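Below: one structure, written as structure tokens.
Each chain gets a letter, A, B and so on, in the order the sequences are listed, and its residues count up from 1. All values derive from a computational prediction rather than experimental measurement.
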Amino acid sequence: QSALTQPASVSGSPGQSITISCTGTGTDVGGSDYVSWYQHHPGTAPKLIISDVSSRPSGVSSRFSGSKSGNTASLTISGLQAGDESDYYCSSYTSTNIRVFGTGTRVTVL
Amino acid sequence: QVQLQESGPGLVKPSQTLSLTCTVSGGSIRSGDYFWSWIRQPPGKGLEWIGYIYYSGSTYYDPSLKSRGTISLDTSKNQFSLSLNSVTAADTAVYYCARERRWGHHFDYWGQGALVTVSS
């Protein structure tokens, strides 16, 4: 099972919107309703920000949204803020009961 | 509030066994609503799923571990553990324990992580 493909880095100015893609195959992202996204500041515990493709857990800002089309899931951060600088990972449940993570994306606020 | 905390040696010699324990507080590992998982992050790399254990004792591992990993439960202490044998430098990583929701397969609570270095 290969890691899901994410861009290594994405950047944007404060207030802008950015989108991070997460590309897999029909046995993971494309065939799963269980895609999640995590915000990870190095040295801390990763934080769940999107579950089930597009659901936001309680307490997560509405500026974070998720979607999926075919084998690609996406995380959009709107109204970018300095505090959004972090690493972001997608994850998918697969048809073989394996969980797979994305390669990770470093978000930089310019 | 659910909390998870990893503990164990930070240094392991090559070919030996890495052992980590995750202590869960604020919730019971006997719940059938969750899988109890281990995830790692090698230096400079992304997150890698290792495997999980269910309250019944059933386990599932990433095939890339080539059967080197074992996850076990201690319900009396509300803990679960990871053993990884025949370690090499490639097993050097920050190891996280996490709770995965059975319905949804997302990791909603994580430990802070424990750095394990494999070196002689």
Side-chain angles (χ1 to χ4, degrees), chain A residues 1-9 20 22 24 27-29 31-60 64 66 73 75 86-106, chain B residues 1-7 10 22-26 33-54 58-67 69 71 93-115:
Chain A
Q1 180 70 50
S2 299
L4 308 175
T5 301
Q6 298 180 231
S9 63
I20 302 169
C22 169
T27 60
D28 40 63
V29 175
S32 177
D33 293 328
Y34 305 127
V35 177
S36 50
W37 289 89
Y38 303 86
Q39 179 187 60
H40 187 205
H41 295 288
T44 68
K47 176 186 177 184
L48 174 69
I49 55 174
I50 294 290
S51 65
D52 303 321
V53 176
S54 58
S55 296
R56 257 190 327 274
S58 174
V60 173
F64 294 94
L75 172 71
S86 188
D87 296 328
Y88 291 84
Y89 291 89
C90 60
S91 178
S92 176
Y93 179 72
T94 75
S95 61
T96 55
N97 198 32
I98 292 169
R99 288 77 167 142
V100 62
F101 285 95
T103 49
T105 298
R106 173 68 56 89
Chain B
Q1 176 76 345
V2 174
Q3 292 185 319
L4 292 84
Q5 179 67 59
E6 305 87 352
S7 59
C22 181
T23 301
V24 180
S25 58
D33 291 335
Y34 309 106
F35 299 107
W36 302 96
S37 302
W38 287 97
I39 294 156
R40 68 182 181 180
Q41 184 176 31
K45 297 187 177 182
L47 299 171
E48 300 176 352
W49 179 73
I50 296 171
Y52 72 76
I53 190 164
Y54 192 46
S58 65
T59 55
Y60 201 84
Y61 304 98
D62 190 291
S64 67
L65 288 178
K66 297 186 171 69
S67 303
I71 301 175
V94 175
Y95 285 76
Y96 296 95
C97 57
R99 189 182 83 169
E100 176 188 342
R101 284 195 171 268
R102 183 181 175 193
W103 310 115
H105 296 292
H106 49 268
F107 304 97
D108 58 355
Y109 286 97
W110 298 64
Q112 290 293 313
L115 173 62

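- Heavy atoms of Y60(B) lying under 4.5 Å from chain A belong exclusively to its side chain.
- A cation-pi arrangement is absent between R99(A) and F107(B), since the terminal nitrogen or guanidinium carbon is not both under 6.0 Å from the aromatic centre and inside a 45° cone about the axis.
- Contact of E100(B) with chain A is made through the side chain alone, with heavy-atom distances under 4.5 Å.
- Note: S51(A) leads G104(A), S91(A), S51(A), S36(A) in heavy-atom pairs under 4.5 Å with chain B.
- Atom OG of S92(A) sits about 10.0 Å away from atom NE2 of H105(B), to the nearest 0.5 Å.
- Heavy atoms of D108(B) lying under 4.5 Å from chain A belong to its backbone as well as its side chain.
- Heavy-atom distances place no part of Y109(B) under 4.5 Å from chain A, backbone and side chain included.
- Heavy-atom distances place the side chain of I39(B), and not its backbone, under 4.5 Å from chain A.
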When the side chains of residues 39-48 of chain A are checked against the rest of the protein, which donor-acceptor pairs come out under 3.5 Å, sequence neighbours left out?
unit_1	atom_1	unit_2	atom_2	d
Q39(A)	NE2	Y88(A)	OH	2.9
H40(A)	NE2	T44(A)	O	2.9
H40(A)	NE2	Y96(B)	OH	3.0
H41(A)	ND1	E85(A)	O	3.4
H41(A)	ND1	S86(A)	OG	3.4
T44(A)	OG1	H41(A)	O	2.6

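- Listed here is the closest heavy atom pair of Y52(B) and N97(A): OH-ND2, 3.2 Å.
- Interatomic distance, I49(A) CD1 to H106(B) NE2, rounded to the nearest 0.5 Å: 13.0 Å.
- Minimum interatomic distance between D52(A) and G104(B) (heavy atoms only, all atoms of both residues): OD1-CA, 3.4 Å.
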